[in-house]
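Along the sequence shown, residues carry numbers from 1. These numbers come from the heavy atoms of this one structure, side chains and all, not from hydrogens, waters or symmetry mates.
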Amino acid sequence: MHAWWQRIRPRLTILYLAVALILLVISGAGHLRLFNEIGKVFGGFTWTIDAESPDKPIIIITTPEQLPPFAIPIGSLTSNAHISSVNHMYGTTGIERAYRQAHPQEIITYTAQGDHTPQETITRPAYIFTWNLWWQTFGLTLLAGLSWLIVGIVLLATASEWTGAVEGLTLLPPAILLLLYSHWGNIQTATPPDLVVQMIWIPSFALLGAGFIHLSLTYRPMAMVKGRKPSWLVDGLPYAPLVLLIAYDWVSFLSRGYVPIRTNIELSLGYAVFGGVVSLGIGITSIFQIVGIWPRYKKTADGPSSPVIPARIRYHLGDLLTLWIGGIGLGFCFGVLPILLRGQPLLPLAMFYVLAAVYPLILLYAIRSLRLIARLHVTLDQREEALQEQKKTAQELRKTNEELEQATRLLLHADAHLRSLLSQRIHDQPKQQALRIRSLLGYWQHKLRLEMERSVDGRITAPPVIEALSKVRKISEELERDLRGLQLLVEDAYQRRSLGLKLHLEKLIREDLPVLHTESLLEIRYDLWALDALNPDLEQSEEGEKIAEAISYTVTQALLNIYNHAGASYATVRTTFQENVLCVEITDDGHGFDVQAIPPEKTSLFKANLKVRAAHGALHIDSKPRPDPQHGTTVRLEIPLRPEARIDTQPQVQPA
């Protein structure tokens, strides 16, 4: 960077921040006035007072898109309709009294007359000014204004030369127009257009036109070949007409007490249109010079010659001019021109404001990218070989990553298959044998007790036998419980497929885990209604089997950890289903742990994380250790469900 620019950039950035802070304060004052109007009855449109007329009639500014259109046209250059009375009461007194006394949907009568139209009476119901109406009418403009303001600050603070500063400074006029829109129009209380509207907001249109000319002059190819300093011809002349406009505003205000709004708007919008046309012409000329259609010849000692424009300048300016000319053209066609002709843009206001908020972000991305490309362009050839080597390495890494992912899928599939076989064999062989042993021992224990009672001499040595059988039966019960615990450790896929995922989890929470931990006082509350969204034939497909496997395994391991390690008094298992995403959340009030301090591969949920990823889901673990008052652990599982994995209708939320 040039030394002079290094000195001036911090000062210019501080000045820009000061102006931005003042704008935010002024905008906040306007929105605070609007906030006081929320909840009040109004006619379904914003309006203002025409101070130029002696009787001060009412002019319609805009009608929210959510409400029905109004028969009276919005004020524009081609329409000058006024509301002269409301409910047969004259002017602002009538509209204020009508709104204060009206109820929602109550019919209000308006009497309106245009310059070339006869007087007519129109009825319209009253509405409530809500937060949604504020957001659609004024809130989106605030968001768009902040977008332009922040992008301008970023471009100015990161500029490496004066051209970058111009890019940031020229974003200030749209920010002013959008941020200070909160001062334009009334809801219920009649307030005339204040100095913010008369002296700042309306002249900002002219400032926008000057910014167009300033930027197009800065983007001329010959001005971009080498860095430049600020100059009066390029950086000052486009803003000279603003001095005359501001002088006219102050003279009108001091002599009349107000500024003629219609004349002020016509002058400001006229210069904005003039600036857009001039900027478009300069931009097209610059594009012609870039492509060589209109070369600029310069006299030299050897005769006229066309200066050479470097390739990096051609590419840089080609992208920038296309972006700016496209933005100016679209903004003029869809915004300024329709407002001039019929009082509102061609697009719906909400969509127009959203586009206005997104466009500076696109500009920021494009300009930052082009700046980076310009810096890297000089060294691009030297790094070509390194980039080729990096591409080769990236391809090898990508291939290795694909092989690892394939190996992971195979391992998970083999693991699920083996555990399913193990669960089935435990159920069919040892567990069934343990049940038979317990039944036989119970039978003989009862029979020997009866024989001993029937013996006359009492010489039947039944008590030792009964005691031995009792011990064997106890060992058999412990064997059965251990086998059930083993099934839980490997996730009982056999039971899950037999009962279904929801019944399996209910049985796990209600019966299996409490039997396995009889000494625990843990209370588990569960809400599994959202699992009804799953297709009953979920596990008939490979994708559905992965989803069921991920949910069942994660819940099982999380609850086992709570029983064995958390020291919790209660735990909850809650499921929700919104926007085709199934969420399972397991929380407890245990002593918690530091998630970062424990390596993921050493936690029991590491395997669950792999299963969740295989099901295209996400697993989040949040834990707060004691003595934090909110101590405990939360395991959250989110899996998007494809149409084939869910039923046609989503489950309804259970009443509280």
Peer 1: Please check: side-chain N/O of His616 versus main-chain N/O of Glu543, any donor-acceptor pairing under 3.5 Å?
Peer 2: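 Looks like no, no N/O pair under 3.5 Å.
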
Peer 1: Taking atom CZ as the centre, does Arg33 end up with more than 12 heavy-atom neighbours from other residues, nucleotides or ligands that are less than 6.0 angstrom away?
Peer 2: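 Enclosed: over 12 neighbouring heavy atoms sit under 6.0 Å from CZ of Arg33.
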
Peer 1: So Thr634 and Ile586, do their side chains get closer than 4.5 Å, heavy atoms only?
Peer 2: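 Not in contact.
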
Peer 1: Taking all atoms of both residues into account, what is the closest heavy-atom pair of Leu528 and Lys502, and its distance?
Peer 2: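 Taking every non-hydrogen atom into account, O-CE, 3.6 Å.
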
Peer 1: If we only count heavy atoms from C-beta on, is the Ile153 to Leu171 side-chain gap below 4.5 Å?
Peer 2: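 Of all side-chain heavy-atom pairs linking Leu171 with Ile153, none is under 4.5 Å.
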
Peer 1: Could you check Gln105 against Tyr127 for side chain to side chain contact (heavy atoms under 4.5 Å, CB included), going step by step and ending with a plain yes or no?
Peer 2: CA-CA 6 Å; Gln105 300 303 319; Tyr127 301 91; 3.8 Å; yes

Peer 1: Could you please spell out the steps behind the side chain to side chain contact (heavy atoms under 4.5 Å, CB included) verdict for Ser182 and Leu142?
Peer 2: CA-CA 8 Å; Ser182 59; Leu142 175 63; over 6 Å; no

Peer 1: Is it the case that the ring center of Phe138 lies less than 6.0 angstrom away from the ring center of Trp184?
Peer 2: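 Here the rings of Phe138 and Trp184 have centres that are no less than 6.0 Å from each other.
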
Peer 1: For Leu177 and Thr141: C-alpha separation, side-chain torsions, deciding distance, then whether side chain to side chain contact (heavy atoms under 4.5 Å, CB included) applies.
Peer 2: CA-CA 9 Å; Leu177 290 171; Thr141 61; over 6 Å; no

Peer 1: Would Arg636 and Asp622 pass as an ion pair if we require N to O under 4.0 Å?
Peer 2: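 Between Asp622 and Arg636 there is no salt bridge, as every charged N stays at least 4.0 Å from the carboxylate O atoms.
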
Peer 1: Could you check, using the six-membered ring where one of them is a Trp, whether Phe35 and Trp134 have ring centers closer than 6.0 angstrom?
Peer 2: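 Between Phe35 and Trp134, the centre distance is under 6.0 Å.
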
Peer 1: Quick check: closest heavy atoms across Ile562 and Ala568, and the distance to 0.1 Å?
Peer 2: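 The pair with the smallest heavy-atom distance is CG2-CB, 4.2 Å.
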
Peer 1: Using the ring of each side chain (for Trp, its six-membered ring), is Tyr99 parallel, tilted or perpendicular to Phe45, with breaks at 30° and 60°?
Peer 2: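 It falls in the perpendicular class, over 60°.
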
Peer 1: What's the shortest heavy-atom distance between Ile639 and Ala550, and which atoms?
Peer 2: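 Shortest heavy-atom separation between Ile639 and Ala550 comes out as CD1-CB, 4.1 Å.
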
Peer 1: Measuring from Leu538:CG to Ile547:CD1, what's the distance to the nearest 0.5 Å?
Peer 2: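 Going from the CG atom of Leu538 to the CD1 atom of Ile547 covers 5.5 Å.
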
Peer 1: For a quick test of reading the model, state the closest non-hydrogen atom pair linking Ala175 to Trp148 and the distance between them.
Peer 2: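 Heavy atoms of Ala175 and Trp148 come nearest at CB-CB, 3.9 Å.
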
Peer 1: Calculate, to the nearest 0.5 Å, the distance between atoms CD1 and CD1 belonging to Ile187 and Ile38 respectively.
Peer 2: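 With rounding to 0.5 Å, CD1 (Ile187) is 9.0 Å from CD1 (Ile38).
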
Peer 1: For a 4.5 angstrom cut-off between non-hydrogen side-chain atoms, does Leu140 reach Trp135?
Peer 2: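 Result yes, sub-4.5 Å side-chain heavy-atom pair found.
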
Peer 1: Does either side chain, that of Thr587 or that of Thr572, offer a donor lying less than 3.5 Å from an acceptor on the other one?
Peer 2: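 Yes, a side-chain donor-acceptor pair sits under 3.5 Å.
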
Peer 1: With Arg574 as the cation and Tyr526 as the aromatic partner, state whether NZ or CZ is under 6.0 Å from the six-membered ring centre and within 45° of the axis.
Peer 2: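 The answer is no; the distance or angle limit is not met.
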
Peer 1: Do the side chain of His631 and the main chain of Pro627 share a donor and acceptor less than 3.5 angstrom apart?
Peer 2: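 Here the side-chain-to-backbone pair does not exist.
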
Peer 1: Salt bridge check, Arg398 against Glu396: does any charged N sit closer than 4.0 Å to a carboxylate O?
Peer 2: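 Salt bridge between Glu396 and Arg398, a charged N being under 4.0 Å from a carboxylate O: no.
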
Peer 1: Check whether any side-chain heavy atom of Ile61 lies under 4.5 Å from a side-chain heavy atom of Asn186, and answer yes or no.
Peer 2: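 They are not in side-chain contact.
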
Peer 1: Quick one: are Tyr353 and Val358 in side-chain contact, heavy atoms under 4.5 Å?
Peer 2: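 No; the side chains remain at least 4.5 Å from each other.
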
Peer 1: Answer whether the closest heavy-atom distance between the side chains of Asp588 and Leu522 falls below 4.5 Å.
Peer 2: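 They are not in contact (no side-chain heavy atoms under 4.5 Å apart), so the answer is no.
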
Peer 1: Has the side chain of Ser552 got a donor or acceptor atom that lies under 3.5 Å from a matching backbone atom of Ala548?
Peer 2: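 Judged by distance alone, no pair lies under 3.5 Å.
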
Peer 1: Report the residue from Leu637, Ile621, Thr554, Leu619 that forms a side-chain contact (heavy atoms from CB on, under 4.5 Å) with Asn609.
Peer 2: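 Considering Leu637, Ile621, Thr554, Leu619, a side-chain contact (heavy atoms from CB on, under 4.5 Å) with Asn609 is found only for Leu619.
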
Peer 1: Can the positive tip of Lys40 be found less than 6.0 Å from the middle of the six-membered ring of Phe129, inside 45° of the ring normal?
Peer 2: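 No, a cation-pi geometry is absent between Lys40 and Phe129.
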
Peer 1: Would you say that Leu559 contacts Val573 through its side chain, given a criterion of any heavy-atom pair below 4.5 Å between the two side chains?
Peer 2: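 Yes, at least one pair of side-chain atoms sits under 4.5 Å.
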
Peer 1: Measuring from atom CG of Leu531 to atom CD of Glu506, what distance do you get when rounded to the nearest 0.5 angstrom?
Peer 2: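 Output value for this atom pair is 8.5 Å.
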
Peer 1: Please report the shortest heavy-atom distance between Gly44 and Arg124, naming the atom on each side.
Peer 2: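 What the structure gives for the nearest pair is O-NH2, 3.4 Å.
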
Peer 1: Find the distance between OG1 (Thr556) and CG (Leu505) and round it off to the nearest 0.5 Å.
Peer 2: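 Thr556 atom OG1 to Leu505 atom CG measures 6.5 Å (nearest 0.5 Å).
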
Peer 1: Under 3.5 Å, is there a donor-acceptor pair between the side chain of Asp628 and the main chain of Gln630?
Peer 2: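 It does hold such a pair.
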
Peer 1: Please check: side-chain N/O of Thr46 versus main-chain N/O of Thr62, any donor-acceptor pairing under 3.5 Å?
Peer 2: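 Yes.
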
Peer 1: How far does CD of Glu579 sit from CG of Leu641, to the nearest 0.5 angstrom?
Peer 2: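 Between atom CD of Glu579 and atom CG of Leu641 there are 13.0 Å.
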
Peer 1: Would you confirm whether Arg100, through its side chain, and Val41, through its main-chain N or O, come within 3.5 Å as a donor-acceptor pair?
Peer 2: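 No.
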
Peer 1: Do side-chain atoms of Ser27 reach the backbone of Leu23 as a donor and acceptor pair under 3.5 angstrom?
Peer 2: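 Checking the backbone N and O of Leu23 against the side chain of Ser27, no donor-acceptor pair under 3.5 Å is found.
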
Peer 1: Give a yes or no on whether the backbone of Asp527 and the side-chain of Thr575 come within a donor-acceptor separation of less than 3.5 Å.
Peer 2: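 Present.
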
Peer 1: Answer yes or no: does atom CG of Leu521 have more than 12 heavy-atom neighbours from other residues, nucleotides or ligands under 6.0 Å?
Peer 2: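 Result for CG/Leu521: open.
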
Peer 1: One pair to check against side chain to side chain donor-acceptor pair (under 3.5 Å): Ser569 and Asp589. What are the steps and the verdict?
Peer 2: CA-CA 7 Å; Ser569 59; Asp589 64 341; 2.5 Å; yes

Peer 1: Atom OG1 of Thr158 and atom CD of Glu167: how far apart are they, to the nearest 0.5 Å?
Peer 2: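 Result: 9.0 Å between the selected atoms.
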
Peer 1: Closest heavy-atom contact between Gln66 and Gln136?
Peer 2: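 Closest approach of Gln66 to Gln136: NE2-CG, 2.6 Å.
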
Peer 1: Do the side chain of Asn564 and the main chain of Leu560 share a donor and acceptor less than 3.5 angstrom apart?
Peer 2: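 Present.
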
Peer 1: Could you walk me through whether Glu65 and Met351 pass the side chain to side chain contact (heavy atoms under 4.5 Å, CB included) test, one step at a time?
Peer 2: CA-CA 10 Å; Glu65 297 292 336; Met351 183 180 299; over 6 Å; no

Peer 1: Taking Ser623 for the side chain and Gly592 for the main chain, is one N or O donor matched with an acceptor at less than 3.5 Å?
Peer 2: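 Side chain of Ser623 to backbone of Gly592: no pair is present.
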
Peer 1: Is the shortest heavy-atom distance from the side chain of Phe42 to the side chain of Leu133 under 4.5 Å?
Peer 2: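 Yes, their side chains come closer than 4.5 Å.
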
